[in-house]
Number of protein chains: 2
Amino acid sequence: MVSIKDVAKAAGVSDKTVSRVVNREPNVSTDTVEKVRSAIDRLGYIPNLAARSIRSSRSGIVGIITDYVSTTPYSGDIVRGIQAWAEAQGRTVLLASTNGDPHREREVWRTFQAHRLDGVLHVAMYRRVVEPENGDIHIPTVLVNARPKRAGSFHSIEPDDFGGSRALARHLLELGHRRIGYIRLNPLLLGANERYEAFRETLQEAGLGQADLDVRLGMEGPIGEEENFVFRETTAMLSAPDRPSAVACGNDEMALQAYLAALQLGLRVPQDVTIVGFDDFRTISLALKPELTTVALPYFDLGWQGAEILDGVIAGPAESGRNRSLECRLVPRASSGPPHQA
Amino acid sequence: MVSIKDVAKAAGVSDKTVSRVVNREPNVSTDTVEKVRSAIDRLGYIPNLAARSIRSSRSGIVGIITDYVSTTPYSGDIVRGIQAWAEAQGRTVLLASTNGDPHREREVWRTFQAHRLDGVLHVAMYRRVVEPENGDIHIPTVLVNARPKRAGSFHSIEPDDFGGSRALARHLLELGHRRIGYIRLNPLLLGANERYEAFRETLQEAGLGQADLDVRLGMEGPIGEEENFVFRETTAMLSAPDRPSAVACGNDEMALQAYLAALQLGLRVPQDVTIVGFDDFRTISLALKPELTTVALPYFDLGWQGAEILDGVIAGPAESGRNRSLECRLVPRASSGPPHQA
DNA sequence: TTGTAGGCGTTATCAG
DNA sequence: CTGATAACGCCTACAA
């Protein structure tokens, strides 16, 4: 491996001078710079960052800790967002995952510490409350798609499921729907309740009563091995004589199953029944015909902005943790329309 | 930051002795080990890997280079497979992506070199032929889900699309189908042609003629912004008077659209028409009702085994690159059945 | 503008 | 079994 000394020898200068050129320090004659540059190119010298980080005790690396394999494969976008940011900054990203095992997580923190990471993004693949198992290891940390157990103990960034769900409900109201079905997500998911509550609340404010909202549980059980009732429940819901004119689903996967149930009953989307989802999981939302009206989860931006926040924490004094909320925008497509006039 | 010297002082031994204990070298008295261990715990000492890698010129880090954002979000499983292997080995994973930009890729290789990575896994998110842009940087490298442009220039590991597609065709033949539709993937994808060729060939060997196979192009155009004809073509195919009794789709997303087309025509799956996919993209294949018969792409294992191969390359002498092929298994579910007896 | 001495945290070598 | 010493590649401090 060619080192700074080799370059120095080849260029006929001291190693410190090479160092100066590499780090663009001032006070080096144009001549010398030229000589050194050419030697660097000729020898293919690349500075050893490990050696550099020993001196500066700054590695230029940020770590990502993820927990479970995603329920929504799309949540990998969070990681992409972080990466994109890191690349734009000339930083590097170290990746580790815990599989939800606290013991494993402590190991990861040790590894991160051993690499002297500048900061850590603690990413939850589904939105939830977390308590990082970092023992007594203090590395600037930001929680992404999660909030800390003890408010203020960490900076964090989350999607605004609540607002997104309100927008969705308003959309259906504006189209004229007055009898609406709702298929709930697994109650274990933090987003599940917010989405449902926002939806219910918005309809209530518009004057709809209990009886106008037909709520069914779509999934239940431990994450990753839940039972799935969506098809059965939607079929039941749409077979009833007073069936709703619109069905809102907790996410896009559920909406897919609602489509199948509706079609199997001979109902057309959206002429006979409006179906909407949540997440804008595009593999599904764009593959469905007609394409699915849904709410976009800003996964990429959660990652990117989370990284920005982390950068601030690394640089500045870490005041008490703040929580940032990211808008979830309504994405109106062809699966929603006015109710069928029976 | 507490260093090895602090521990040495606290334990009343030399720093080398601490080093011995940390690295589990032999020839240290139980007594000393005990003393050192306790000092380490007391002080919370964690070895500085950067310093270690300076001496040993081995970082213990492997890099992952990915190209495009996946067409199939499931292909993130390749990365998970690598990670799982790395974690089992006590190695760490550095992540970078190129977005398909050769300039960017050269930068990534420089960064990897700067970190003195032990090896690199060059991962393609859709299967294709690649030519790593590593300039004159020589780090042991294995291509995953891809093959090298110049055969033998790199080790590589790929899924056996061909074999998987044969298995799928045989499955349909065994069920008794004799008139079959096929929706082709974007021809730009390497897997597209293999899947189609294997399928056609297998049917031909079974005595089916040109007229028994109705082939349609499902997608076309640059990756990520292709035009999608699946719904339209499947609808046309299944509306014909001599419609096929089974439709094979290039992947599961296409199968989803084929379902919608069939249902909209009032056809039941599988009683009226069998539909099968490819990839076993479970977010779709398990959400479809009935669940989708498909072929599983061994993404996770591509990652894991790719990492194993890399480990061999790092350790041993790098003989000329070999290509390993991973089986794609048929996953029979409820969407395939015998043809309807008209 | 340039070079020298020394040290960052670790391990290899070799002597004790 | 243990420790002194040097070295890894780089940078800080200071001197020339």
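All chains are named by letter (A, B, ...) in the order of the sequence lines, taking the proteins before the strands, and each is independently numbered beginning at 1.
- Legend: residues meeting ring-ring contact (aromatic ring centres under 6.0 Å, His included) with B:Tyr74, ordered by chain and number and at least two apart, are B:Phe281.
- Ring geometry for A:Phe300 against A:Trp304 counts as parallel: the plane angle stays under 30°, on a 0 to 90° scale with 60° as the upper cut.
- C:dG3 atom C1' lies 13 Å from atom CD1 of A:Ile4, rounded to whole Å.
- Atom OH in A:Tyr45 sits about 10 Å away from atom P in D:dG9, given to the nearest Å.
- Shown for residues 13-24 of chain A: residues whose heavy atoms fall under 4.0 angstrom of DNA chain C, namely A:Val13, A:Ser14, A:Lys16, A:Thr17, A:Arg20.
- Proximity of A:Arg52 to the phosphate of D:dC10: no side-chain N or O atom is located under 4.0 Å from OP1 or OP2.
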What verdict does the side-chain contact (heavy atoms from CB on, under 4.5 Å) test give for B:Val36 and B:Arg20, after you've listed the backbone C-alpha separation in whole Å, the side-chain angles of each residue and the deciding distance to 0.1 Å?
CA-CA 10 Å; B:Val36 173; B:Arg20 274 192 260 264; over 6 Å; no

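- The distance from atom NZ of B:Lys35 to atom C1' of D:dT2 is 10 Å, rounded to the nearest whole Å.
- Within residues 26-34 of chain A, the residues having any heavy atom closer than 4.0 Å to DNA chain C are, in order of number, A:Asn27, A:Val28, A:Ser29, A:Thr32.
- Note: CZ (B:Arg58) to P (C:dA12) measures 13 Å, nearest angstrom.
- D:dC11 atom P lies 10 Å from atom CD1 of B:Ile54, rounded to whole Å.
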Are A:Arg324 and A:Glu158 close enough, and set up right, to give a side-chain contact (heavy atoms from CB on, under 4.5 Å), and what steps lead you there?
CA-CA 6 Å; A:Arg324 186 186 295 180; A:Glu158 291 177 279; over 6 Å; no

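- Atom CG in B:Leu49 sits roughly 14 Å away from atom P in C:dG9 (whole-Å rounding).
- B:Asn323 and B:Ser156 are linked by a side-chain donor-acceptor pair at a separation below 3.5 angstrom, with hydrogens and angles left out of the test.
- For the pair A:Arg116 CZ and D:dC10 P, the interatomic distance rounds to 19 Å; values are reported in whole Å.
- Backbone-only contact: B:Ser3 has heavy atoms under 4.0 Å from sugar-phosphate atoms and none from a base.
- B:Thr92 and A:His115 form a side-chain donor-acceptor contact under 3.5 Å, judged by distance and modelled atom types alone.
- Looking at A:His122 and A:Glu133, their side chains never bring a donor and an acceptor atom within 3.5 Å of each other.
- Position along DNA chain D of the nearest nucleotide to B:Gly12 versus A:Val2 favours B:Gly12 as the more 5'-ward residue.
- A donor N or O paired with an acceptor N or O is found under 3.5 Å between the base of D:dC11 and the side-chain atoms of A:Arg55.
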Steps toward salt bridge (Lys or Arg N to Asp or Glu O under 4.0 Å) verdict (B:Arg110, B:Glu107)
CA-CA 5 Å; B:Arg110 270 188 63 85; B:Glu107 269 180 25; over 6 Å; no

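- Taking atom NZ of residue A:Lys9 and atom P of nucleotide D:dC10, one finds them 14 Å apart after rounding to whole Å.
- When all heavy atoms of A:Leu95 and A:Val79 are compared, the closest pair comes out as CD1-CG1, 4.5 Å.
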